[in-house]
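To start, the structure itself, in structure tokens.
Below, chains carry the letters A, B, ... as their sequence lines are ordered, and counting in each starts from 1. Being a predicted model, the structure only gives us computed values, none of them experimental.
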2 protein chains.
Amino acid sequence: MTRASRIPLPALERLSTYVRSLMELKSAGKQTVSSREMEELTGVTAAQFRKDLSYFGEFGRRGVGYNVCDLQSRIAALLRIEAEQPVLMVGAGNLGSALIAYPGWNAYRFRIAAVFDNDPQKIGGEVRGLHVYDAGRIVELNAEIGSQIGLLAVPAPAAQGVAGALVEAGVTGLVNFAPVKLDTPPGVRVRQISFLRELAVLSYLIHQD
Amino acid sequence: MTRASRIPLPALERLSTYVRSLMELKSAGKQTVSSREMEELTGVTAAQFRKDLSYFGEFGRRGVGYNVCDLQSRIAALLRIEAEQPVLMVGAGNLGSALIAYPGWNAYRFRIAAVFDNDPQKIGGEVRGLHVYDAGRIVELNAEIGSQIGLLAVPAPAAQGVAGALVEAGVTGLVNFAPVKLDTPPGVRVRQISFLRELAVLSYLIHQD
DNA sequence: TAGATTGTTAATCGATTAACAATC
DNA sequence: TAGATTGTTAATCGATTAACAATC
């Protein structure tokens with residue numbers, strides 16, 4: 001595996017926000033945007049915005065601003081979300097189903113290539129038009145699909161096992177919704193999502209004196 | 001409103017992880033834990049763990065470690081998650097329903113006090129045993145409930161309007177699942193959750209050379 | 001040209017890490 | 001006491017902010 005990115009992680013996270021706002025500007029027919037206007041839209045300061053872009057190169061014209069279309073496609077290219085990417089969804093329960101139904105996958109060119117579950121009641125059935133496969137077949141089926149990204153929408157006790165299978169199947173990036181720390185080999189990236197943690201943080205912040 | 005916390009936000013986010021691990025240790029019957037063992041469990045270094053706690057006071061005994069039960073309840077008290085807190089869920093669609101069904105609310109002592117939607121098909125009905133109210137009644141009903149926390153599981157175009165209603169109803173903390181920047185008055189805290197952003201970040205990280 | 005806005009440098013700020021004295 | 005582990009200080013590291021020269 002390669003050494004960690006020189007790009008600050010917070011900067012990387014903001015890039016995705018920029019893409020979203022640029023898409024909206026494009027839909028609205030706007031052709032040019034300044035860092036000041038981006039601050040208005042995203043809440044990220046103009047200086048921060050320009051600094052974030054500077055890690056990757058030059059994207060604007062002094063005195064003029066940024067071309068909306070061009071900037072959007074260049075950031076999308078940096079994030080590698082210009083070409084369609086297959087992702088594996090593990091867990092066809094409430095959360096998995098809700099995620100599958102989420103509109104917006106396509107805006108970022110992600111495509112759910114397969115859905116897995118270990119519940120015999122669900123295996124062989126469909127969730128929102130997608131076939132549900134036996135989680136035991138992750139390695140086998142991803143040999144065909146070649147996905148590098150997996151989403152874990154399974155109960156906490158199952159998460160580590162599923163993560164192992166996904167990694168064995170060649171996945172190198174995981175989004176984990178289960179409240180467990182996943183042990184993964186070096187080179188595998190895990191992003192954790194936990195709304196209970198967000199609630200706990202809020203709980204502290206709103207009760208401060 | 002009050003000035004921002006002196007506690008680093010990353011430290012605050014980690015506290016919730018500590019609570020979770022301590023709950024597990026308690027269930028496993030463990031009575032004492034060292035910062036080194038916590039590192040093993042959470043992935044947060046022992047030094048970081050001790051430093052995080054030091055913002056709040058002293059929690060352990062030198063040469064011995066931390067009492068599991070005691071530490072858990074003291075961190076829970078810091079986060080204000082020892083007493084039950086009512087939360088408002090807005091959006092009874094796929095995501096809202098999945099969140100409602102999520103096990104674990106209770107471990108952090110959150111209780112969904114009311115569910116709202118603006119779809120006439122859903123209003124008056126039930127979602128997983130909870131009554132669905134007209135989103136137009138948020139202010140009215142929260143006068144009774146007195147919740148300070150709201151979750152937004154609504155489509156992006158509806159989010160800003162709902163946020164306004166929640167704030168008017170007295171909510172000071174929001175967890176927003178919609179991919180929009182919410183404009184809120186000073187003093188209202190917003191935590192954003194976006195799995196598409198997580199996917200975009202992963203996309204960059206796994207494709208690095 | 002004059003006005004606007006970028007890209008970049010330097011200064012500031014804040015968080016993490018390492019080391020160790022305190023103390024159980 | 002000797003060994004272990006905390007709480008805290010100081011050093012390091014990294015990100016953000018402010019300022020401005022470059023340039024459209």
Taking a pair to mean Watson-Crick or G-U wobble geometry with both distances below 3.5 Å, D:dG14 pairs with C:dC13
Could you check whether B:Glu37 pairs with B:Lys30 (Lys NZ or Arg NE/NH1/NH2 to Asp/Glu carboxylate O, under 4.0 Å)?
yes
message = Any donor-acceptor pair under 3.5 Å linking the side-chain atoms of B:Gln85 with those of B:Arg111?
response = no
The answer to which of B:Arg36 and A:Val64 contacts DNA chain D further toward the 5' end, by nearest nucleotide, is B:Arg36
- Query: Within the distance-only criterion (no hydrogens, no angle test), does the side chain of B:Arg109 pair as donor or acceptor with the backbone N or O of B:Glu82 below 3.5 angstrom?
  - Reply: yes
Q.
Taking A:Arg50 first and then A:Asp52, would you say they form a salt bridge - that is, a charged N and a carboxylate O separated by under 4.0 Å?
A. no
5'-most contact on DNA chain D (nearest-nucleotide basis), B:Ala47 vs B:Gly63, goes to B:Gly63
When both distances are under 3.5 Å in a Watson-Crick or G-U wobble arrangement, the nucleotide paired with D:dT8 is C:dA19
Query raised in the report: Is A:Gln160 close to A:Asp183 at the side-chain level, that is, under 4.5 Å between some pair of heavy atoms?
Result: yes
Students should find that the nucleotides of DNA chain D closing off the region near chain B, any atom under 4.0 angstrom from a heavy atom, are D:dA4 to D:dT9
When all nucleic acid strands are considered with a 4.0 Å heavy-atom cut-off, which category describes B:Tyr55: base, sugar-phosphate, or nothing? base
For this session: Pick base, sugar-phosphate or nothing for A:Arg61, based on heavy-atom distances below 4.0 Å to the nucleic acid.
Result: sugar-phosphate
B:Glu13/B:Arg191 ion pair, N-O < 4.0 Å: yes
Answer for the Watson-Crick or wobble partner of C:dC24, both distances under 3.5 Å, is D:dG3
The answer to which of A:Ser34 and B:Gln48 contacts DNA chain C further toward the 5' end, by nearest nucleotide, is A:Ser34
